[in-house]
Number of protein chains: 2
Amino acid sequence: MSTAEVLASVDIVALRMNDRSQLDILLIRRAQAPFAQQWALPGVLVNGLTADASLDAAATRALAVKARIKPRYMEQVATVGDAVRDPRGWSLSTFYLALVAPDTPLGDEDLSFVALNAVLDRRFALPFDHAQLVALACERLAAKSTYTSLPLYLISQRFTVTEALAAFQVCLGQAVQHTTLRGRLERMKQHGWIVETGEKNYPKMGRPQNVLEHRPQPSAAFVFDRSVLS
Amino acid sequence: MSTAEVLASVDIVALRMNDRSQLDILLIRRAQAPFAQQWALPGVLVNGLTADASLDAAATRALAVKARIKPRYMEQVATVGDAVRDPRGWSLSTFYLALVAPDTPLGDEDLSFVALNAVLDRRFALPFDHAQLVALACERLAAKSTYTSLPLYLISQRFTVTEALAAFQVCLGQAVQHTTLRGRLERMKQHGWIVETGEKNYPKMGRPQNVLEHRPQPSAAFVFDRSVLS
DNA sequence: ATAATAGTGTCTGTGAGACATTATGTA
DNA sequence: TACATAATGTCTCACAGACACTATTAT
């Protein structure tokens, strides 16, 4: 290794909500050493040869070329670096949190969505320090879910209050009063972030649900001025 | 440059409050090319040769070695990377926000505290994309100052409400009701983050001030459940 | 009718915001 | 005394939280 350079990668913690309202994480079977054939976070090396315009562009590229996925939301979480996380030597990883639509398909056998909880409690082991990165990304998601509309990126643009409630609860890891969520959705409606479609969804039983539409602004997520679960 | 590696550095945005209650930023006169002799953010290269235990350790080292400063608070802000920010090629910079005590001395002629506002509005130009990094770090500080006790790290451990008010206002960039701040300090007092010393400070005019003491916990900063300036 | 689920209304508590009032020092 | 500044008190408003109540469908 030359004197001034270091091994740097971008890794993605991409989350999706399954039909049981639980979070799954996107993993890829590594093609190359180290840890070939093992399931790991999708990622790419960044260096001058892979003409990425920026680090964010590299993150987008990682999801696009490895999994053909365009996330509905993506943000940089942090960068970790030390001498032991990669057997090849001192290395850096800048990792991102990505939220993808619930119906996102996977075209490849080397890609899979795995139960996030299995990764978090180490029943499903990951190479490198990827389990740690996943934990940090989830902490970020939980923290931001208390005062932003982030969980809405995990459900369809056209959604019901019940779906939104499930998304918030799985992000936060605890129950949320539906009246609290309705109040927040109402405030987003006043700011044009949510519109009432006028349509109804008819479940098997019970009163039909109003169908809302999420109109996310480029500024990422709606920010409330208080935290839920104070 | 070898194929898999990249130039990576850690840069520090270290802020101090001066006696006019304005923020200053620590700059260092670069000894080496590129941009030798110019004022820039203190930072170090990270790679396998400089046995840093971790990225955070490298950040601490950067302040310690370059400026002999131990910050009262430090957190990673983000990592930027692209092909043009450094003339030497594709490079990464992980940058940190550091808050240092108001009486921090500088022992070196190649170190200086410069008015933060001059850097932010480009009257004082910085090399690389350092001005952009400074702007991002300040945004982080302002955002966190609405719902945490971060500004307290800019004043002495033993402080008065007036000093705390000045710190919050300069971090937020706008006026804050002193009653609001008193309420928040009261809540911190109940959680053991602040204690009443019983002493008084006697200014030239007016009623004497109670002297409080900030007892920061290792968990970084006190988090309030609402934002100020809603 | 009954069950099931959606949506609304009511009441309480907390804390920010604005402003008035009192307290305690110096000149 | 007048003045300056600190500290406290009062009132309003917004919103989370808890829970009751009403509404609308299927069976």
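Quick caveat: nothing in here was measured; it's all calculated off a predicted structure. Just so it is clear, the values below take in all heavy atoms, side chains as well, and ignore hydrogens, waters and symmetry mates. Here is the naming used below: chain letters follow the sequence lines, and residue numbers restart at 1 for every chain.
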- Atom CG in A/L185, atom CH2 in A/W193: separation rounded to 0.5 Å? 13.0 Å

- Which residue lies more 5' along DNA chain D, comparing A/R226 with A/P208 via nearest heavy atoms: A/R226

Name the atoms and distances for all side-chain donor-acceptor pairs under 3.5 Å in residues 105-116 of chain A, with sequence neighbours left out.
residue : atom : partner : partner atom : Å
A/D108  : OD1  : A/D110  : N            : 2.8
A/D110  : OD1  : A/R29   : NE           : 3.4

- Message: Base, sugar-phosphate or nothing for B/R182? Non-hydrogen atoms, less than 4.0 Å.
- Response: base

- Note on the structure: From CG of A/N210 across to P of D/dT24 the rounded distance in Å is 11 Å

- Query: Centre of B/F224's six-membered ring, under 6.0 Å away, within 45 degrees of the axis: is that where NZ or CZ of B/R187 sits?
  - Reply: no

- Nucleotide D/dA18, atom P - distance to CG of A/L165 in whole Å: 13 Å

- Could you tell me how the ring of B/Y153 sits relative to the ring of B/Y73: parallel (under 30°), tilted (30 to 60°) or perpendicular (over 60°)? tilted

- Message: Pick the closest DNA chain D nucleotide for A/R184 and for A/G206 by heavy atoms, then say which residue is nearer the 5' end.
- Response: A/R184

- Once you round it to whole Å, what is the distance between P of D/dC21 and CZ of A/R207? 17 Å

- Grab the CD-P distance between A/Q209 and D/dT24 for me, whole Å please. 15 Å

- Message: By the 4.0 Å heavy-atom rule, please label B/K200 as base, sugar-phosphate, or nothing.
- Response: nothing

